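For reference, the structure is listed below as structure tokens.
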Amino acid sequence: MATTEHPPPSRLRTWMLEGLSDMGKGARHGARTEPEPTAHKGQRWWRVMCLTGVDYFSTLGYQPGIAALAAGLLSPIATIVLVIVTLAGALPVYRRVAEESPRGEGSIAMLERLLSFWQGKLFVLTLLGFAATDFLITITLSAADASTHLVENPHLADALHDKQMIITLTLVALLGAVFLKGFLEAIGVAVALVGVYLALNVVVVVVGLWHVATAGHVITDWSSALTAEHGNVFAMIGVALIVFPKLALGLSGFETGVAVMPHVQGDPDDTEERPAGRIRDTKKLLTTAALIMSVFLIATSFITTLLIPEKEFEPGGQANGRALAYLAHEYLGNAFGTVYDVSTICILWFAGASAMAGLLNLMPRYLPRYGMAPHWARAVRPMVIVFTLVAFLVTWIFDADVDAQGGAYATGVLVLISSAAIAVTIAAHKAGQRNWTIAFAVISAVFLYTTVVNVIERPDGVKIGACFIAGIILVSLLSRLARAFELRVTSVTLDPMAERFIRDMASRKIRFIANEPDQRDKAEYREKIEQIREDNDIPGEDFVFVEVTVLDPSEFEAGLTVRGEVLHNRYRVLTLESSSIPNALAALLLHTRDTTGRTPHIYFEWTEGNPFANFLRFFLFGQGEVAPVTREVLREAEPNRTRRPRVHTG
């Protein structure tokens, strides 16, 4: 391709663009790569589970309180429903997702294969909007809850009163600083945090269960109140099913578990094309995390419901957003409670790390490939700054309130899980697996019901998701528009006949004619040559026709294969397939110049019709205002006018 001299980049720019997205293992800056068939190096699955766990397990910091507010005395029963949905629904779905997208693309990649052209791109952008909602709200909600634990600590309550917003923004900024420094080494920190946090929760749960067992009236009072309020077991189960969608935050770890999948080590003989060990170990990761979390969810909802007065769960109450911390202080003293608070604050703060990892793995896989983000979107540090600033804005909008962000968080989680369930249902159907298709279809129906109920009860969640979607689509389309005149061709390959045509012309003047193929009969080519000769006042017939067929105009960049053929025993024709006619022609001209050392010429007809309408045809469908756009692409790719291929229009 064309090479052009550029001044050396500044040290700041070099540092900002150093490396690529560690999370995504993506393409190098400005290029598109295919997976390399080399052994994948990463971390043991249980260590990566801790990276997922800082998001998944940290929900214990606020999930019991949310469950108590949503279900009241029915919280343990509703939580059992949540666990059943987790183990019988979400877990099988994401084990299948891990098989289908072992590079961490998740269900979005599975659904992307079903749709092509612009409808596929817009559908993916919509899902990315919900993914951004999920991951960004994870960062802000976790930081807000961490600051709640800090502000509500008895030793610090007076000093930190009314400073929750500042503390939350500081925690978000510190998280961004960690990623600017480099994150992959921080998996060790996640292992330590998860280990300490789960150990402390085991202590709190055991002590809580002991108090429940020794104070027999607690269970009696709870069961009597349940019977008085709901009448019978069937009514209790019915109400639990109704309130279950409000507990959906407890499902938050699965999408993150797949997003961090590229970090799983797998077997020594794993390759990017066939990472059997990575898939197997990711299934272990997902299953182990789900089982651990299920035990904790049931136990913590039980002890918090029975041991904490209902009024303390309300906004302003001492257990609001920190039910287990309340029990730690109440039954184990302020010293242990403070240690528990510190552990909770650390894991909640670091929960944003796994969410940030998910964002940095997901976004660079799609937006730059669609041409809907600048080249720097493939690098970690610029994206970290963007996501951190957005997290600041979300924190400010929600006033660092945990309860206020719950609806948006649950909506993002449920939409992604529902899309994953639908994706694996389709995958099972295509694979001819009838039983799995039925099972996944039932699971999809459950999650769709949960999503719809959540949206109806908490419409603010889908509103926030819609804002993210609108923002991503708008920025993406503007970026695509700004990059419309890039070369967009990663490589040019000529078959032997095409090479022969160009090598033959290199000894003379290289002249191409851009032709829109119609009947491809002898008259079409004869008339085209006559028209070009007349319009440009040039003699002879020493031309090679170039014909471009547009495949998927929504694709942004790809390699270009050029094939040569002789039609009607007289006319030399080069055929190309691309997403854009002008960009393909420009790439061919520059490749010809670089391989022959001669300046090629190309001849066009003027495009009839409204110029603006023709530009829209080029932007959306890859064809339209071909001649001037080809010249503009060449001007962008080669600023040196003396080295630029010549464009003639008559």
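Everything quoted here is computed from the prediction, not taken from an experiment. Throughout, numbering of the chain's residues begins at 1 and tracks the sequence.
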Closest heavy-atom pair and its distance - [X], [Y]:
X	Y	value
Thr79	Ala67	OG1-CB, 4.3 Å
Phe254	Ala90	CE1-CB, 3.7 Å
Leu171	Ala143	CD1-O, 3.6 Å
Ala289	Tyr56	O-CE2, 3.5 Å
Tyr197	Thr344	CE1-OG1, 3.4 Å
Ile139	Gly352	CG1-O, 3.6 Å

Can you list the residues that meet the side chain to side chain donor-acceptor pair (under 3.5 Å) rule with [X], with sequence neighbours excluded?
X	answer
Asn454	Thr411, Arg458
Thr168	Ser147
Ser224	none

Sequence neighbours excluded, every pair satisfying ring pair (Phe, Tyr, Trp, His ring centres under 6.0 Å) that has a member inside residues 304-333: His211-Tyr331
side-chain contact (heavy atoms from CB on, under 4.5 Å) against [X], all qualifying residues, sequence neighbours excluded:
X	result
Ser58	Ile347, Leu348, Ala351
Ala173	Phe392
Val196	Leu200, Ser343

Tell me, do [X] and [Y] make a side-chain contact under 4.5 Å, heavy atoms counted?
X	Y	result
Leu82	Gln63	yes
Arg95	Leu91	yes
Ser101	Val97	yes
Leu51	His263	yes
Phe57	Asn201	no
Phe447	Ile422	no
Phe440	Ile426	no

Going by salt bridge (charged side-chain N to carboxylate O under 4.0 Å, His left out), name the pairs with one or both residues in [range], residues two or more places apart or in two chains.
range	answer
residues 305-326	Arg322-Asp341
residues 295-307	none
residues 61-76	none
residues 191-206	none

Atom CH2 of Trp222 with >12 non-hydrogen neighbours under 6.0 angstrom: yes
Over 12 non-hydrogen atoms of neighbours within 6.0 angstrom of CZ in Arg280: yes
Evaluation steps, side-chain contact (heavy atoms from CB on, under 4.5 Å), between Val203 and Phe336: CA-CA 10 Å; Val203 174; Phe336 181 89; 3.7 Å; yes
Pair Arg96 + Glu100, salt bridge at N-O below 4.0 Å: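 Salt bridge between Arg96 and Glu100, a charged N being under 4.0 Å from a carboxylate O: yes.
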Pairwise distance NZ(Lys284) to CD1(Ile279) - rounded to 0.5 angstrom: 13.5 Å
Under 3.5 Å, side-chain donor or acceptor atoms of residues 125-134 against the rest of the protein: list the pairs with distances, not counting sequence neighbours.
from   : atom 1 : to     : atom 2 : distance (Å)
Thr126 : OG1    : Leu122 : O      : 2.9
Thr133 : OG1    : Gly129 : O      : 2.8

Side-chain donor-acceptor contact under 3.5 Å, Thr140 with Thr395: no
